[in-house]
Amino acid sequence: MNKDWHRQDILAAVRKVKGSLSALSRENGLSASTLSNTLIRPWPKGEIIIAEAIGLSPQEIWPSRFIDDRGNAKIRNTIRKNRAFKRKYNEKQSL
C-alpha cells in the first residue's frame, strides 16, 4: 500500500497552485486556518478541496484514510453531515 503524502509535500503542491493553504481556505469560504486541520486528521470536505486544487483525488494523497492494512476500503464516518437535520428533528419533537 502507498504511504500518505508528507505534510510538507502537500503544502508545497498547494503553494504551487494557490499560493498558500490559507488562500485556498479563504477561496472556499472557510477561515484561513481551517484546511490545516485536514493535514492532521481526516476531514472529507477539506480532503476534497485540497485534492481538487492539486489535481488529484483524496485517495492518492491520503491512501491510509481510505484503505486499511488488508487492502479493504474503510467505511468513513458521515454522521456530522446530518447534524442540522438532527437539530431540526429534535426541535420538532419537543413542540
Side-chain angles (χ1 to χ4, degrees):
M1 180 172 82
N2 294 334
K3 290 187 176 183
D4 290 355
W5 282 31
H6 189 276
R7 176 187 173 126
Q8 293 300 323
D9 294 331
I10 297 168
L11 290 172
V14 170
R15 281 188 202 113
K16 287 179 184 178
V17 178
K18 296 295 180 180
S20 70
L21 195 59
S22 296
L24 182 60
S25 288
R26 288 188 298 271
E27 182 180 302
N28 284 278
L30 304 169
S31 174
S33 62
T34 301
L35 282 179
S36 63
N37 291 324
T38 307
L39 302 176
I40 301 166
R41 61 185 154 276
W43 181 43
K45 180 179 178 179
E47 293 166 4
I48 291 167
I49 292 170
I50 292 171
E52 286 180 352
I54 297 173
L56 299 172
S57 70
Q59 293 88 341
E60 292 175 280
I61 302 170
W62 296 282
S64 70
R65 296 181 185 185
F66 295 89
I67 300 171
D68 66 14
D69 294 336
R70 295 181 182 155
N72 299 319
K74 288 184 178 180
I75 298 172
R76 304 218 29 203
N77 189 354
T78 58
I79 292 172
R80 292 181 188 164
K81 292 180 182 177
N82 297 320
R83 276 190 190 159
F85 173 78
K86 287 179 184 179
R87 263 190 240 118
K88 287 180 184 178
Y89 179 79
N90 290 333
E91 289 173 3
K92 287 180 182 178
Q93 293 298 321
S94 65
L95 296 176

Nearest non-hydrogen partners of G46 and T38, listed with the distance: CA-OG1, 3.4 Å
Minimum-distance pair of heavy atoms, taken over all atoms of Q59 and F66: CG-CG, 3.6 Å
Expected output: side-chain S20 to main-chain A23 donor-acceptor under 3.5 Å: yes
K45 side chain reached by N28 side chain, heavy atoms, under 4.5 Å: no
Residue list, side chain to side chain donor-acceptor pair (under 3.5 Å) with D4, at least two apart or on another chain: S64
Tell me which donor-acceptor pairs under 3.5 Å the side chains of residues 6-18 have, and how far apart each pair is, sequence neighbours excluded?
residue, atom, partner, partner atom, Å
H6, ND1, Q8, N, 3.0
K18, NZ, E27, OE2, 3.1

Using distance only, find each side-chain donor-acceptor pair of residues 48-55 under 3.5 Å and give its atom names and separation, not counting sequence neighbours.
none

Between CD on residue E47 and CG on residue N37, distance to nearest 0.5 Å: 11.5 Å
Pairwise distance CH2(W62) to CZ(R41) - rounded to 0.5 angstrom: 13.0 Å
